[in-house]
Amino acid sequence: MATTQNLMRDLQWLLLSIKSESLTLHNISFYLSQATSGCFQETENSMTINISRENVSNFSEILTALEASRTCQTCLRTLEFHNAEWELQQVRCLGVLLESNSSIKQAVFRRNRLSRECMSELCEIVKRNRVIKEIVFSESAIGHVGAELVACSLKVNDSLEELQIWEDSIGSRGSEELSKMIEVNTTLKLLTIFDSSSITATPLISAVLARNRTMEVHVWSGQNGERSSKVVEFVPENSTLRIYRLDISGACRVACSLGLNSTVKSLDMTGVRLKSRWAKEFRWVLEQNQTLKEVNLSKTCLKDKGIVYVAAGLFKNRRLESLFVDGNWFSGVGVEHLLCPLSRFSTLQMQANITLKSLTFGGGRTKIGRDGLAAILQLLTTNETLTRLGIFDDKSLRSDDFVKIFRSLQKNASLRCLSLQGCKGVQGESVLEAIMETLQVNPWIEEIDLARTPLQNSGKADGIHQRLGQNAKSEPEMDTLKDMPLTVPKSCRVFFCGQEYAGKTTLCNSISQNFSISKLPYIDQVRTIVNPVEQAVRTVGMKIKTFKDEDTKISVWNLAGQHEFYSLHDLMFPGHGSASFFLIISSLFRKPSNREPKTAMEIEEDLQYWLRFIVSNSRRAVQQCLLPNVTIVLTHHDKINQPSQNLLAAVNSIQRLRDKFQGYVEFYPTVFTVDARSSASVSKLAHHLRKTSMTILQRVPRIYQLCNDLIQTLSDWRSENYNKPAMKWKEFGELCQVKVPPLRIRSRHDNKERVEMRRRAVATCLHHIGEVIYFDELGFLILDCEWFCGEVLGQLVKLDVRRQGNAERSGFVSRKELEKALRGSLQSPILPGLGTKVYENLDANDLVKMMLKLELCYEQDQADPDSLLLIPSILEEGRGRTQRWQMSSSECVYAGRHLECDDSSHMFLTPGFFPRLQAILFLGLTPKDIIPVHLHNKIMGLRNQHGATYSLEKYLISITINGIHIRVELGGQLGYYIDVLACSTKNITETLRLIHQLIIPAIHSLCHGITLTESVMRPECVQNLTAPRFRRTQFISLQRLKHALLSVPADGMYDYQHTWDAVLDSARSVLSAGFDFARDLLSEDDFREVLHRRYHDLYNLAVELQVSPETNPDGSEQALSTGDDHEIVDPSLGGIAKGLEVVLQRLKIIEQEIRDLKQEIQGLRYYEHRLLTELHRKVNYLVNYNVQIEERKVPNMFFFVKTENYSRRLITTVISGMTALRLHMLCEFRREMHVVEDQMGCEIMQVDNMAVQCLAPYMSKFMKLLTFALKIGAHLAAGMGEMIPDLSKEVSHLASSPLLYGAAGTAAAGAMGAAAAGAVGAAAMGRNRSRAGDTRDVQQDLKQAQQWVVDFLRDRRCSTGKDIAEKFGLWRVRYRDSGQIAWICRRHINLRAHEVIEVPI
């Protein structure tokens, strides 16, 4: 078969075969200038044609025949021409063939000779051709002219994809022309040039890169008989550009083309000799290029200057990930510059380059030296992004230097691989030990390459690889917090509280001498010499001084006494379970520079403020593990030369305060009177501090053992870091990783979140015990509490932002203005050195975030980075200006509510309360969790829809919305009450609903642990905006007003009037006496609540009386309509608008569904009248029922009272075990039964089971009926005043009674009006007992109770009439008309002598 295929044929056979279409050829190779002519088939589809010089005419004939063959037109793919010397006619024949054939894709010209005319004609053919894809010129000597002609054709041709020019010399001119073609041609995919000179590569590759062509380029070179080598290679598939050999000018040109290139991701110039001139161009590439990921500049002979340019480019580069500069000639200066953009040199500095992940440098000619080592250590300590670092073949670093390198890696959490191949200094036990220690605390290192190092060659590196394998294993999961041991804390805080000039700082200095170990013995007897002028200079801001007592740390927190610092005191108050106690320090004199003593009242006021402050803040805690411990210290005692009445009065006032605050704080029994300047005078106080600290530490909850260990660790860290006052959270994590094994991540597969949670728990615990100030959201810890509380916060409070910018009276400033003010204040000459200290550790933006966290300022819109900030401390007071309402007309409705601390004698609203309230109401923030809303959009929407306006002053919040004007005022010298005043064009109900749904809930949300009682303010005070000092008596408790309504008959409720007293100021009338209807003081909701309670009490009374109420004569049901409870609306401005809309909608529904209140009251009166008639009958029966036992030798009607806290509580049920009760008797005169004033009564030490058995029926019937009657005001109703006694004093505090409130709770859930009446009817119908049976039960119950009373009085030796008269003020009489026996008081005996006859026993 092979012999047949290779059989030589003549050319005539070939021509006949082509014409006969018998050949199916894909590839044809022409070999001209051969010895003989002929053809043979290499394969079925390929043929080789040899043409001798004699038969050269056949060449054109064959080309013409191929053009005419239809088979060839569809099958022919490749034409190759070898050793052809082209003539113009032959080229034209080739052109006809190529134009007619649509299948030829490749044309190869090897060792051809083309004249200029032939080459030009061939290029014209290529220019017109749209089919051919590949052209190859090999050893055809086309030169720069041919290259120019090819370039011109390819500028037009848009189908050719591959161009190869082999073993030719197109020169720089030819390459330049081809580069111009590349700038135009977008279809060429492969360009291969093999030239005698490497200079041809530069224009070609530069054009490809500059135009971002996805063209594969290979340029080879071989000149002067040299071995051929590749010059440039660019492969778009992997975006890799490799430059093997290029002169410096060519390298610079290529660098320029890379600046805006987007096709190259990897640049490899290994071995190319480069200079600083190229590096200067490459700097621009690094700054501009957005796609370059990897650069290899190994062995490029770069020196320091070149590396400096490369480093400069890295500062702005944001894409490069790998850089190799090993094998170069730079020194430690170059290393220092190279690593600079990858390092940080202060806590506030940002790392310039954060994208580079891998860096390799070093080499035999790289001299790292001392400067380079320092740069490496700085890099490893501060870099947070580098994952791979290589230092190759270094000979300049010693073993000690590598020890430092590995120890610096202990804090590095980003590096994964460290390669030290060939470094001669990696040897010795010290290096091995440093590596193992680093791997012990740094689990993130995955690989340490020590190839060709002495340590590796000695075989000592096996342990390193074993440890790396252990770090890759997963550690068993630990319990987050439970396995952390607890222990007694070792640090205690002492808070020095007192007004300015009290001597707190001087006292603290004297106490420090008692704690000082190095003090001389005689110092205790010598006063601290203080210049009198210095004594008068007050300490500004809060100061903290720390003492050491054995292993206990005592920190004295000197709270600033100036009023501007009071708003910070809430922040400093110790949290729940913190080991702390308080010293309240008061001076016996008003100023230290004079001898004018304080009065006892002034001292009491000083102490009382701080006691109320301590109680108020301690009540804010969720739970108290122990009462605050308080010690009182009086200073300047040395100025009192003789016993003083004033001092005695002060001691008595302190004793009164002890009694008053008993149960709120724990007082130390001794009051210390000291000379604050004398260490001897305060020695006993210092001893007290020691002992109290030890006691407190034993009583408070335990803390994590790690906290005690970390206190010293943090102190050491500060000493090693230039006494930095603040620590970033990352630095804290690094410290835990290195120094605290329980808080260490042991494996890179550990649950990092769990370890992070443990670290945060420990930091929070340190915060609670006062060792650090930790803000989780801000990402740093304050280690120097004195610096933070005294200097930073002190400056923040005293900032005058209004001088820095155009701050309006509204209290809003921009963030930039505030930052500028902070910088100006903290860097002012008044505080030399402080600004530098602050801004080395915290940025101004950090201080703003700190203020936000501490609620010293508030963001208007958190979503807006340029949002305005509300700073309440810069708000101005408006009390000097005339106060008046914006609108005033006869149609306006005025309403006011007074909210006062229920226990104002012990607690008050602390200075930090009102600023938080301003933020809640003005910005729509939620307390303790500041979550702002888009306030700008809200305000614009509200102004468009409801015309809402807002304004703030220091102690005032003004809100106007939809015709309702509201003023919220902070009142009282110590801020113990809030007044809410409203002026409205709406009715009273709408106005009060707005207050109760929005304003008051916002106030209560901030009063943790403090109960506020609500009172109704006199409308005239609201209308005239009467000064707070004049309206102190012009309000009545809301509950008291409601009780007053409950105490009047039903038909008098609507017209009930409350009377106001007159107010005088130096005999001048400020407010005259007057009255207001209750309906004008209460909303419809409050009025219906009163009616509801009246229905509720009547329902319970009806159940007891077994009465089934009838419907009204007119047949209509009287009922109170109640809707669902009002929704709790978000206390913000947006919530105000939303809530107001809801209020308006509900008001319309209520107006449609509810009848006039007068009609409801009429129905209530009818229902009440029927029940009172039955109540009259039953009480009359009980009063006049004469039990025939002992011939009425004791009174019949009795009740029990329990005395507690100077008040009496009426007992409605008795339980076994009750103690300290008193038995009292009623005057039984018919129709005028009453309580006897000043009755001694008889004490019952303890109630036993027998007493309960005898008294329970009596208590459940008579006392319950009596209580119900009192609650509904039946003792004042028509016809009943003679029957029901007035027990208002006793009933004011009803004892809890399941019998009283069990059924009542069910009725209160929803039964009222007709619904209640229906329930009463149902209850009455369920009763099966007859009247006769009921009477017999009552007789039996009274008989048992009476017998118990007889026995009880006999045991108390109170059985004679004289004894009963002495203890109960009652005498035994007989009615003249009926003969019945009764026990009545002396007043009735005198007044009713004609009706009764005294019958003594």
Side-chain angles (χ1 to χ4, degrees), residues 321-324 326 339 342-344 351 354 356-362 368 373 375-392 394 397 399-423 425-456 459-475 730-741 743-753 755-756 759:
E321 296 179 356
S322 298
L323 176 63
F324 299 86
D326 55 298
L339 303 184
L342 304 174
S343 306
R344 291 184 297 111
Q351 182 179 313
I354 59 174
L356 194 68
K357 305 298 180 185
S358 175
L359 176 64
T360 303
F361 60 92
I368 294 178
L373 176 62
I376 293 172
L377 298 179
Q378 187 71 22
L379 169 79
L380 296 177
T381 304
T382 62
N383 183 275
E384 300 177 356
T385 58
L386 204 65
T387 60
R388 185 180 184 89
L389 177 65
I391 304 175
F392 289 175
D394 177 79
L397 297 177
S399 298
D400 294 342
D401 299 332
F402 283 102
V403 169
K404 296 177 181 178
I405 288 175
F406 279 105
R407 287 182 176 167
S408 65
L409 275 175
Q410 293 181 357
K411 298 179 181 180
N412 190 297
S414 61
L415 199 68
R416 298 293 181 265
C417 176
L418 176 64
S419 180
L420 301 175
Q421 294 184 24
C423 293
V426 184
Q427 61 178 345
E429 293 295 330
S430 60
V431 175
L432 179 61
E433 183 180 350
I435 295 175
M436 298 303 292
E437 289 178 358
T438 298
L439 294 179
Q440 184 73 22
V441 300
N442 189 334
W444 295 284
I445 298 179
E446 300 175 2
E447 179 185 356
I448 298 180
D449 185 3
L450 302 177
R452 299 183 287 109
T453 62
L455 192 66
Q456 178 78 22
K460 297 181 179 180
D462 296 339
I464 298 175
H465 300 301
Q466 183 179 359
R467 181 66 211 183
L468 286 170
Q470 293 177 0
N471 286 351
K473 295 179 181 179
S474 298
E475 293 286 334
K730 178 180 178 294
E731 294 174 320
F732 181 74
E734 293 172 353
L735 182 66
C736 293
Q737 188 68 27
V738 176
K739 299 291 186 180
V740 189
L743 299 180
R744 179 181 296 165
I745 300 176
R746 302 181 180 276
S747 167
R748 53 181 171 271
H749 298 293
D750 271 358
N751 190 332
K752 296 180 182 179
E753 293 182 358
V755 178
E756 192 74 3
R759 291 175 179 175

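Model, not experiment: these values are computed from the prediction. Counting from 1, the numbers follow the sequence of the chain as shown.
Inter-residue side-chain proximity for Gln737 and Glu734 is flagged as unmet; no heavy-atom pair is nearer than 4.5 Å. Between Leu432 and Ile464 there is a side-chain heavy-atom pair separated by less than 4.5 Å. The side-chain heavy atoms of Cys423 and Ile391, taken from C-beta on, include a pair separated by under 4.5 Å. Residues Leu359 and Leu339 are in side-chain contact: their nearest non-hydrogen atoms beyond the backbone lie under 4.5 Å apart. Between Lys357 and Arg416 there is no side-chain heavy-atom pair separated by less than 4.5 Å. Counting heavy atoms from C-beta on, the side chains of Ile405 and Leu373 come closer than 4.5 Å. Side-chain contact between Val755 and Arg759: present, with at least one pair of heavy atoms (C-beta onward) separated by less than 4.5 Å. Between Thr387 and Leu415, the closest side-chain pair of non-hydrogen atoms is not below 4.5 Å.
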Please assess Gln427 against Thr453 for the test side-chain contact (heavy atoms from CB on, under 4.5 Å), listing each intermediate value before the final yes or no. CA-CA 7 Å; Gln427 61 178 345; Thr453 62; over 6 Å; no

Go through it in stages, so that I can follow the logic: the residues are Lys411 and Glu731, the test is salt bridge (charged side-chain N to carboxylate O under 4.0 Å, His left out), and I'd like the CA-CA distance, side-chain angles, deciding distance and then a yes or no. CA-CA 8 Å; Lys411 298 179 181 180; Glu731 294 174 320; over 6 Å; no

Assess whether side-chain contact (heavy atoms from CB on, under 4.5 Å) is satisfied between Leu420 and Leu455, documenting all intermediate values. CA-CA 11 Å; Leu420 301 175; Leu455 192 66; over 6 Å; no

Glu437 vs Glu433, side-chain contact (heavy atoms from CB on, under 4.5 Å): CA-CA, chis, key distance, verdict: CA-CA 6 Å; Glu437 289 178 358; Glu433 183 180 350; 3.3 Å; yes

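Here the side chain of Gln421 pairs no donor or acceptor atom with the backbone of Ala451 at under 3.5 angstrom. In this structure a side-chain-to-backbone donor-acceptor pair under 3.5 Å is present from Thr438 to Phe406. Looking only at distances, no side-chain donor or acceptor of Asp394 sits under 3.5 Å from a matching main-chain atom of Gly425. For the pair Gln378 (side chain) and Ser343 (backbone), a donor-acceptor distance under 3.5 Å is absent. Of the possible polar contacts, none joining the Arg344 side chain to the Asn383 backbone as a donor-acceptor pair under 3.5 Å is found. Looking only at distances, a side-chain donor or acceptor of Asn442 sits under 3.5 Å from a matching main-chain atom of Leu409.
A distance of 7.5 Å separates CD1 of Ile445 from CG of Asn412, quoted to the nearest 0.5 Å. Rounding to the nearest 0.5 Å gives a distance of 9.0 Å between CD of Glu753 and CD of Glu756. Here the SG atom belonging to Cys417 is positioned 3.5 Å from the CD atom belonging to Glu447, to the nearest 0.5 angstrom. A distance of 9.0 Å separates CD1 in Ile368 from CG in Asp401, rounded to the nearest 0.5 Å. One finds the CD atom of Gln456 at 4.5 Å from the NE2 atom of His465 (value rounded to the nearest 0.5 Å). To the nearest 0.5 Å, atoms CD1 (Ile376) and CZ (Phe402) are separated by 8.0 Å.
In terms of heavy atoms, Val403 sits closest to Ala434 at CG1-CB, 3.9 Å. Shortest non-hydrogen contact noted between Leu342 and Gln351 is O-CD, 3.7 Å. In plain terms, the two heavy atoms of Val441 and Pro443 that are nearest each other are O-CD, 3.4 Å. Smallest separation of non-hydrogen atoms from Ser399 and Val431: O-CG2, 3.6 Å.
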